[in-house]
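Down below is the structure, laid out as structure tokens.
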Amino acid sequence: MFSKLISPAIGLLAAIFPPYAAAGYDVSVSKVSINDVATDISDIPAAHNGADFDVVATLAWADQIYDENSTNVLNWETFIDGALEDAGSVDLDANRALPTTLAAGTTAFGGSGTHNVKVKITLDKLLSEEERDYQSFAAGASFVPLVIVIAFAATTKMVELSLGMGIFVGACMVAGTLVGGFRDTLDVYILDALADKDHGYVYLFILFMAGLVGLIEKSGGLGGITVALRRFVHTSRTAQGASFFAGIIIFFDDYANTLVAGASMRPLTDACVVSREKLAFIVDATAAPIASIVPISSWVGFEISLIQAELDKILAYDPTPEIATTGFAVFLETIKYRYYCIFMLFFMPLIILSGRDFGPMLIAERLVKVYGRTDGGPGGVKAADGEALVSHNAPKPDTPHKWWNMAFPIVMLVFYIFYLLVWTGRKAGGETFMGAIEVSNAYQALLWGTMAAALTALAFYFLQDKKDGRIIFFNARGYRNKMQRFFARHRGMCRRKNPEDMVALEEEEDEEVHATLLMNYREAMSSFLIGMEKIFGACVVLTLAWATGAIMQAVGLNRFFGEILQNEALDYRMLPTLTFIIAILIAFSTGTSWGTMTIM
């Protein structure tokens, strides 16, 4: 009797409150992906012929409760190009939670071309399926984008075109069509490189750094360093030594180093009969080595981003590895192995002090010394019309060139970055100084420190007035008189001027009244943007380099090398040599170190 009464009640409750009623499972296949078996790389976009891969289906479960009337057996089938390849089942009772991924068998593509992978699941009366097309080609074909980059770089000498063509060809290989490759080149590879947050940190850091250099140039700081050193530079040897010293000081960015050291030292080296080729060698051979071993530089910031990306992959498989877990800590451990950088920083002073030159450099130096040329010799860069290059950010003729307008921003930059490295490291749990540095957020420290240094430099310049070739700090009387003149003019616009008041005001003005700001806000913004403009080409190459690295992984070049490196027949002692040779070929062909690091 009780059961007869309760059954209709339960049915009524089930109708009124559906969540409490027994419901069938609602599951679907949301995505199909394949994972390379040999290298354990997941979600590869293209496969190699004959290379085994695991088929993985991602399951999406709707809100539901356990159904006691269900068989709780999920059956799956995997189809390759329409043919049944594998099948199996999953017992849901054996799992404490509903599975979100489903291992749907291991297989391989037998030949090149487009292949369809489809996974079908059934659970009671429910059926769901999802499919995806993949391209397959021979493992050696993964070299094609790299060969394209090398070929175009060797023939056109244009890094941007070379990297762009490599990305496009690789995208076409992965997509299977020219139209799909064109779309993916822009929508996937280049756009993903731009949208990555870590990449954004690097972009902004480089742009702010270039803007800071633009401010320093406009303030006369670059010329000030030249003027300050001119008292000590009288010979070819001292001019070269000063150029080397300038490159050491400007360690925070290789591009800034080249721009600043080259521009500020050129008048000195020209006057001391040093060829432009020798100056270029000194600047270049100092800029890259110093920027690659000092922890606070744009070069290192980019390296850390690449190292951290690979560390994240390692941590995904092994949360407690036996190596450092931050890109900055790994970078610090690699400094002692950077033999080229260390060697060049010792080699340059030896060359300068000994006065010995070799090969083409000897010829260039003799051409300027024999004829006593003070224009840099034949190697001097000219504009398209044959005239000397003119900077569009040069300081005004009445701007005094003072060394402190460069030294102060650089000192503040170093202070801010070191302070922020320690501060972010303390936040991350670092207790000692080096411990804080190792776990610090280098992206934030470099970005915040660079912008803070630019704003500090701007405030420093606003505190300086210039008049008759000299600098006036904290020109209080001048500020007061400027305000008086401003309000006097404002009153004159509102009512008829009183000539006697205007004459009295002019008589009160002393010699400091007509001093003008070293740099007004319009000039500051213009110089900051001009500095950023100079680095735009580097940002383009950087974007293409990141996209090239992504396309090399998409076509499976990393898998190809991974299989070689995992080969037990290969002596592990050969790995550094192989890496070095491959890096030489890529760097020589592309002409970009950042692109080489990304590809490798």
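Model, not experiment: these values are computed from the prediction.
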Can you find a heavy atom in the side chain of [X] that is under 4.5 Å from one in the side chain of [Y]?
X      : Y      : answer
Tyr416 : Met451 : no
Leu557 : Leu146 : yes
Asp26  : Trp61  : no
Ile80  : Tyr134 : no
Leu446 : Tyr201 : no
Met552 : Thr548 : yes
Leu74  : Leu102 : yes
Val202 : Phe205 : no

So which atom in [X] and which in [Y] form the shortest heavy-atom distance, rounded to 0.1 Å?
X      : Y      : answer
Ala193 : Trp546 : CB-CB, 3.9 Å
Gln553 : Arg559 : O-NH2, 4.1 Å
Ser136 : Asn49  : OG-OD1, 2.5 Å
Leu212 : Ala454 : CD1-CA, 3.8 Å
Val541 : Glu160 : CG2-OE2, 3.6 Å
Glu131 : Val32  : N-CG2, 4.4 Å

(request) Please test Leu345 against Ile293 for side chain to side chain contact (heavy atoms under 4.5 Å, CB included), starting from the C-alpha separation and ending with a verdict. (result) CA-CA 11 Å; Leu345 292 177; Ile293 62 176; 3.5 Å; yes
Is the backbone N or O of [Y] less than 3.5 Å from a side-chain atom of [X], with the two atoms forming a donor-acceptor pair by type?
X      : Y      : result
Arg338 : Ser292 : yes
Thr78  : Glu85  : no
Ser128 : Val29  : yes
Asp184 : Cys172 : no
Thr450 : Met209 : no
Ser162 : Ala153 : yes
Asp91  : Val73  : no
His48  : Gly140 : no

So, taking the atom named [atom1] in [X] and the one named [atom2] in [Y], what distance separates them when rounded to the nearest 0.5 Å?
X      : Y      : atom1 : atom2 : answer
Glu77  : Asp86  : CD    : CG    : 10.0 Å
Leu123 : Asn75  : CG    : CG    : 8.0 Å
Met361 : Phe281 : CE    : CZ    : 6.0 Å
Phe168 : Ile551 : CZ    : CD1   : 11.0 Å
Glu130 : Ser33  : CD    : OG    : 11.0 Å
Leu98  : Leu92  : CG    : CG    : 6.5 Å

Pair up each side-chain donor or acceptor in residues 422-429 with any protein partner under 3.5 Å, not counting sequence neighbours, and list the distances.
from, atom 1, to, atom 2, distance (Å)
Thr424, OG1, Leu420, O, 2.8
Thr424, OG1, Leu421, O, 3.1
Thr424, OG1, Asn441, N, 3.2
Arg426, NH1, Glu431, O, 2.1

(request) Apply the test side chain to side chain contact (heavy atoms under 4.5 Å, CB included) to residues Thr106 and Phe53: give CA-CA distance (whole Å), side-chain angles for both, the deciding distance (0.1 Å), then the verdict. (result) CA-CA 6 Å; Thr106 300; Phe53 57 82; over 6 Å; no
(message) For Asn35, run the side-chain contact (heavy atoms from CB on, under 4.5 Å) check against Ile41, Val55, Val56 and tell me which one passes.
(response) Val56
(message) Checking Asp81 now: which residues fulfil salt bridge (charged side-chain N to carboxylate O under 4.0 Å, His left out) with it, not counting sequence neighbours?
(response) none
(message) Please enumerate all residues that pass salt bridge (charged side-chain N to carboxylate O under 4.0 Å, His left out) together with Arg183, with sequence neighbours excluded.
(response) none
(request) Could you tell me if the ring centre of Phe343 sits under 6.0 Å from that of Phe347? (result) yes
(message) Check the orientation of Phe109 and His115. Use parallel for under 30°, tilted for 30 to 60°, and perpendicular for over 60°.
(response) parallel
(request) Start with the C-alpha gap between Lys31 and Asp43, add the side-chain angles, then the distance that decides, and say whether side chain to side chain contact (heavy atoms under 4.5 Å, CB included) holds. (result) CA-CA 11 Å; Lys31 178 184 176 182; Asp43 198 10; 3.0 Å; yes
(request) Begin with the C-alpha distance, continue with both residues' side-chain angles, and end with the deciding distance and a verdict on side chain to side chain contact (heavy atoms under 4.5 Å, CB included) for Val213 and Ile535. (result) CA-CA 11 Å; Val213 173; Ile535 213 73; over 6 Å; no
